[in-house]
Amino acid sequence: MTIEWRPDDRQFHLHNGMLSMVLRVYEDGTLGGLHFGAPLPTGRSYRHLGPDTFDGFDGRVGDPIPFALPTSGLGDYRVPALVAIGADGSGTISVRYVSHTIAAGKPSLAPLPSTYCETDDEADTLTILLVDDLSGLEVDVRFTLFTDRPVVIRSTTMRATSRELTLRTAMSLSLDLPDADWVMVHLSGTWAREAHVVERSLQPGRVALSSQRGASGAQHNPFLALRRASTDEAAGEAIGCSLVYSGNFLAEAEVDPFGTTRIRIGIEPDTFAWRLAPGESFTTPEAIVAWTDQGLGGLSHAFHDLYRARLTRGAWRDRPRPILLNSWEGTYFDFTADRLVDMARASRDLGVELFVLDDGWFGHRDADDSSLGDWVADRRKLPDGLDGLARRVTELGLGFGLWIEPEMVSPDSDLFRAHPDWAVGTPGRGRTESRQQLVLDMGRPEVVDHLAEAVGAILASAPVSYVKWDMNRNITEPYGLDLPPDRQGEFFHRYILGVYELYRRLTTRFPDILFESCASGGGRFDPGMLAFAPQAWTSDDTDAIERLAIQWGTSLAYPPSAMAAHVSAVPNHQTGRVTPLETRAAVAFFGVFGYELDPTTLDESTRAEIRDQIAFYRRHRTVLQYGRLHRLASPFTDGRRHVAWMSVAADRSTAVVGVYAILNRPSPETHRIRLRGIDPHVEYRVSGWPERSDDPVFRPNLGGRVGADLMANGLTLDLARHDAARLGDYWSRLFVLEAV
Ligand code: GLA
């Protein structure tokens, strides 16, 4: 058992040798949080880490008492985890300990996505029952600890028993820390520049990241980390929290006047209210909180391992993901079946394994102004229907993949003409269009039923082995036509539950299809989606240099097996930048690899280069998709000329290192790229890709090196002035390490 209960101290200690979390039931029955972080010995009291006794705020209003489930109205003026308005209109809630259970395993949160155990001995779950006698609110606070992962998983269920209640704030996690000497790290951006790493030292006051868009959004990822000032990628203390949710969220850090820190993460409260009639309950999404002393790299590994092995599920969880070619940037809306088959044939000849038909195949969609909702093949473009095309593609020996955007409807569509009321809008206010489309109210069961039927029918009609599920606009004028006025606060959460329900039905009906989520790129790249779709389109931005930043940032929380990354044509369609083909591939290799261009237009030398790229990726696919990623040199360091990262096989017998130049500089400084995660005692043969004779980057680095030397001294980047001038900007080199 990883959970110790000491009745005399009324103390819980969650411990697994990797971290400890210590909770205490105070004298007044409130739940305290005494410690989260480094592993502590069991069999001891840690009461000295909190107040001597705590019997309510009498005489000490505003004191920084550490709580695990702070409520409002009682004298803790920091941000609350739980606010409920009782039948009397009061927002004061006082939930007190009643009992607890400790059980092996981890319960499912369905219909919410959640991490899971394969066998009950993998984890233990502590459930603490707290009750507010006056309002009749009962709360189950759940903590799960896996035996071998440095993470605690939190969720909460609220039940109204005797009287009606309205939940106003229902955080998934609230964590009090005794100091504020932290640098906050988050992933922020917008379309085409998602997941940029932003850092700031905590100061008194609140810093909040949130979404009110109906999706987690490209603006902030539902992920927040704290690191010590001295923490780097390889060492030092860090805490990370992440929310298994795809809708509106809040992640916040507050420093109080006494220099303590509270972090909280959960459903965004300004766009949320949930009414509970007696007998009804509400369960929050789950939050993951990780602790490590192994730097941001160690923090990422905790999330990568958990998400890869115990959040994603299904046939594709552990399988090598196919190398695909997506038609979008090659054709946009302008194609015929014959042109697609030509592209598929040319892809097949390059070594591609899956051909994906993107937007434009349904209704009469020649631009982004029509047909969303009409999931029927456009016979003008595909005279033999989807099945006819899919068969021609699969006969070439390729898988066939398809783009859909099920949550949307175009005003110019049969679906909208038949069901105008299914589109989200507030009566009397009109509906704001975005990308000339509207959003279907996924909170309505009949909408989900219809989509399960319509999308299910199209997927069943042809040999489809991959689906890219897009979502290209956010919600405005939120309103649920089927909800009474006093339940409108439920709209956004009901929307996302509807999305999950549709995912559940389609992934259940089509268990062998590989689903990839997308929202104009990384606009819904979150753990909630990963529970259904094991990979996501990381960004619409395929520029290799921009992708260094986007993939670096995304990798803070998400594993390479989740990050789709493609090589596209130059000048790049998003930035206009021209980068070498080998650099585009060398960046995209560190994810789920593919192409997004028209392969029929390539000359023979380009085709040969791509064949070599695909052969390389196939040879190293396991380490690149499922290896341990180490970030070595950050694109977010001011003045950085080189970026580097590496992936190491689980048994450390192989590793692939990527080194990328951004802008060249005359009289270049010398650089050492020190490697990590390999075996210090093993002799590695270092080879370079793509092969080149007498290359100034490869020259000092290839051949036999012992792991300890590669980690202590690294690869050398000592470019003579004339070599640097010859290499120019945007070059890249890969190094392959193989144990001899
Ligand atoms: C979004 C996606 C793109 C592409 C287009 C199609 O922008 O992110 O990859 O599928 O939609 O309309």
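Count residues from 1 along the sequence. Note that ligands are numbered from 1 as they come in the structure, with each ligand's atoms numbered from 1 the same way. The figures here come from the full heavy-atom set of this structure, side chains too, leaving out hydrogens, waters and symmetry mates. This is a predicted model, so every value here is computed, not measured.
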(message) Could you tell me, atom by atom, which parts of ligand 1 come under 4.0 Å of a heavy atom of Trp537?
(response) 8 (O), 9 (O)
(message) Regarding ligand 1, does Cys518 bring an N or O atom to under 3.5 Å of one of the ligand's N or O atoms?
(response) no
(message) Just to be sure I read this right, does ligand 1 sit under 4.0 Å from the backbone of Asn472, its side chain, both, or neither, counting only heavy atoms?
(response) side chain
(message) Can you classify the ring geometry of Phe589 versus Tyr617 as parallel (below 30°), tilted (30 to 60°) or perpendicular (above 60°)?
(response) parallel
(message) Below a 4.0 angstrom heavy-atom separation, can you tell me which part of Lys468, side chain or backbone, both or neither, approaches ligand 1?
(response) side chain
(message) I want to know if ligand 1 touches Glu596 in the polar sense, i.e. an N/O pair below 3.5 angstrom.
(response) no
(request) Report the part of Asp470 (side chain from C-beta onward, or backbone N, CA, C, O) that has a heavy atom under 4.0 Å from ligand 1; answer both or neither where that applies. (result) side chain
(request) Provide the number and element of each atom of ligand 1 under 4.0 Å from a heavy atom of Asp359. (result) 6 (C), 12 (O)
(message) Salt bridge check, Asp449 against Arg505: does any charged N sit closer than 4.0 Å to a carboxylate O?
(response) yes
(request) Within a distance under 4.0 Å of any heavy atom of Gly521, pick out the atoms of ligand 1 and give their elements. (result) 8 (O)
(request) Heavy-atom distances under 4.0 Å are what count here, so tell me which part of Glu329 touches ligand 1: side chain, backbone, both or neither. (result) neither
(request) Answer yes when Arg365 and Asp374 have at least one side-chain N-carboxylate O distance shorter than 4.0 Å, and no when they do not. (result) no
(request) Quick one: look up the protein heavy atom nearest atom 4 (C) of ligand 1 and list residue, atom name and how far away it is. (result) Asp358 OD1, 3.4 Å
(message) Which heavy atom of Tyr660 sits nearest to which heavy atom of Leu734, and what is that distance?
(response) OH-CD2, 4.2 Å
(message) For the CZ atom of Phe532 and the OH atom of Tyr500, what is their distance to the nearest 0.5 Å?
(response) 7.0 Å
(request) Tell me, yes or no, whether the heavy-atom count around Gln436 atom CD, taken from other residues, nucleotides or ligands under 6.0 Å, exceeds 12. (result) yes
(request) Return yes or no for this condition: an N or O of Trp328 is under 3.5 Å from an N or O of ligand 1. (result) no
(message) Nearest non-hydrogen contact with atom 8 (O) of ligand 1 belongs to which option: Thr542, Asp541, Asp540?
(response) Asp540
(request) Assert yes or no for the condition that the ring centre distance of Tyr466 to Trp403 is strictly below 6.0 Å. (result) no
(request) Please collect all salt bridge (charged side-chain N to carboxylate O under 4.0 Å, His left out) contacts where either partner lies in residues 382-407, sequence neighbours excluded, each pair once. (result) Asp338-Arg392, Asp387-Arg391, Glu407-Arg524
